[in-house]
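Taking it in order: structure first as structure tokens, then the write-up.
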Protein chains: 2
Amino acid sequence: MARPREFDEQAVLDAASEVFWANGYEATSTRDLSARTGLTPSSICAAFGDKRRMFRRALDHYLGRLREKMTALKETRSPGEAITGFFEDTIERSLGDALQRGCMLVNSALEASPQDPEFRGAIAAELELIENFFRERIAEGQRRGDISPAHSPEDAARQLLAVLLGVRVLARVRPESPLLRGAVSQTLALLGLPPLAVTAGT
Amino acid sequence: MARPREFDEQAVLDAASEVFWANGYEATSTRDLSARTGLTPSSICAAFGDKRRMFRRALDHYLGRLREKMTALKETRSPGEAITGFFEDTIERSLGDALQRGCMLVNSALEASPQDPEFRGAIAAELELIENFFRERIAEGQRRGDISPAHSPEDAARQLLAVLLGVRVLARVRPESPLLRGAVSQTLALLGLPPLAVTAGT
DNA sequence: GACAATATGGAGCAAATGCTACATATCAGC
DNA sequence: GCTGATATGTAGCATTTGCTCCATATTGTC
């Protein structure tokens with residue numbers, strides 16, 4: 001028995017995560033958020049709380065899509081293709097983004113992490129999810145015989161995670177195709193996986 | 001024919017880079033800088049200009065030490081030991097830093113980069129220096145026969161750079177020894193280099 | 001010692017920031 | 001239609017921010 005919301009929460013979270021993604025937490029003002037979401041400051045406060053909680057919601061919204069991507073790859077591709085596809089997708093998005101936003105997870109990991117235990121925990125947990133995705137795909141591929149059993153799934157997954165994060169850092173400063181693809185190709189070859197398909201430019 | 005400065009410029013840059021390193025550019029206020037350097041705002045303004053230029057000076061100061069480290073490794077170690085030593089040093093510092101500051105270069109790459117072409121250029125150039133360090137060491141090691149010639153120095157260097165940056169990201173959120181060492185060990189093994197020495201904990 | 005030149009410190013300005021009253025508008029239930 | 005309850009919008013508060021006067025202090029040169 002009350003007035004219903006006029007805005008679409010998903011659309012607002014989309015807009016909010018884009019602002020935070022592009023500018024970071026500190027460099028985003030509540031007025032930026034207000035302008036980009038179309039909500040007034042008081043509506044934001046009433047619906048999402050303060051800036052900190054709004055960031056948390058926006059980050060969770062972003063991470064939800066990342067998890068969907070991993071789930072889709074896991075369910076529709078072979079273990080090796082899931083890993084290769086994850087990197088292909090990452091590189092293509094990195095090269096195709098004119099704003100060079102990189103990855104909101106990585107950006108947040110470096111900016112909003114040590115000061116804030118809650119953020120740090122959420123980000124660490126998400127990094128573990130990615131690590132687990134890699135490890136399980138590697139182990140499964142090794143069982144199938146698609147992936148070389150020369151390396152332990154644990155360490156190989158750690159290496160993939162590090163390379164992925166490194167690519168995301170490079171994408172924000174030097175979005176150059178040979179650099180990103182070169183960094184990844186060696187790692188995939190290590191596992192006996194086929195090389196990346198050559199698609200986008202720069 | 002004027003009053004000399006009372007502060008040591010290097011000491012001030014040390015203090016300034018520590019604040020920026022730990023908190024980032026946006027989250028560091030000029031009053032933080034003033035408190036940690038011991039200089040008044042007016043002295044900072046007179047000696048270093050505005051906050052932006054102060055950050056640039058602090059970053060250059062930090063990067064200078066990074067370059068010194070690379071030069072020392074290049075001049076005193078074999079190519080393979082230089083690469084291994086670089087990673088060992090990075091991991092040890094990452095695990096030993098209670099503030100989990102990670103690497104100021106990487107932090108700056110993600111926070112202060114796309115908005116500011118000058119910062120972005122400086123950071124990109126520094127990343128190329130590291131890449132070149134790896135590539136030259138790999139090529140030299142291959143000439144000597146210490147490093148496996150199975151991979152091109154170009155792509156191997158790109159991979160090492162990505163792993164290094166990834167480790168720096170992980171260090172800020174999940175400073176766990178098995179994780180960081182596992183990520184690196186695979187990459188070094190790829191080149192036929194000896195594994196990391198096990199030293200620090202966590 | 002007088003003077004020019006630079007460094008320093010206190011005080012504070014103009015703007016931006018995060019956030020919030022408070023009045024108004026819009027709904028469900030009776 | 002009235003009432004309670006929630007959403008929205010305007011305006012603005014209190015604080016912080018980056019930065020700068022301006023008076024004072026300290027030097028080298030003559």
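Below, chain A is the first sequence line, B the second, and so on; all start at residue 1. The basis for the numbers below is simple: all heavy atoms, side chains too, and nothing from hydrogens, waters or symmetry mates. Everything numeric in this text was worked out from a predicted model, so none of it was measured.
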What is the distance from CD1 of B/Ile44 to C1' of C/dA7, rounded to the nearest Å? 14 Å

Go nucleotide by nucleotide along DNA chain C from the 5' end; which of A/Glu26 and A/Ser42 gets its closest nucleotide reached first? A/Glu26

For the pair A/Arg137 and A/Glu140, find out whether any cationic side-chain nitrogen is under 4.0 Å from an anionic carboxylate oxygen. no

Could you tell me the separation between the CZ atom of B/Arg31 and the C1' atom of D/dT20, rounded to a whole number of Å? 12 Å

Could you give the CD-to-P distance, from B/Glu9 to C/dA7, as a whole number of Å? 11 Å

What is the distance, to the nearest angstrom, from the CZ atom on A/Phe7 to the P atom on D/dT6? 15 Å

Do you see a donor-acceptor pair shorter than 3.5 Å between the side chains of A/Ser185 and A/Arg181? no

For B/Ser34, which contact category applies under a 4.0 Å heavy-atom criterion: base, sugar-phosphate, or nothing? nothing

Please classify the nucleic acid contact of B/Ser29 as base, sugar-phosphate, or nothing, using heavy-atom distances under 4.0 Å. sugar-phosphate

Would you kindly give the NZ-to-P distance between B/Lys51 and D/dT20, to the nearest whole Å? 14 Å

Round to the nearest Å and state the distance from B/Asp8 atom CG to C/dA7 atom P. 15 Å

Please confirm whether the ring centroid of B/Phe20 lies under 6.0 Å from the ring centroid of B/Tyr62. no

Below 4.0 Å: OP1/OP2 of D/dT8 and any side-chain N or O of A/Thr40: no

Establish, yes or no, whether the cationic atom of B/Lys74 lies under 6.0 Å from the six-membered ring centre of B/Phe86 and within 45° of the ring axis. no

D/dT8 phosphate, OP1 or OP2, under 4.0 Å from A/Ser43 side-chain N/O: yes

Tell me: CG of B/Leu39 to P of D/dC19, nearest whole Å? 15 Å

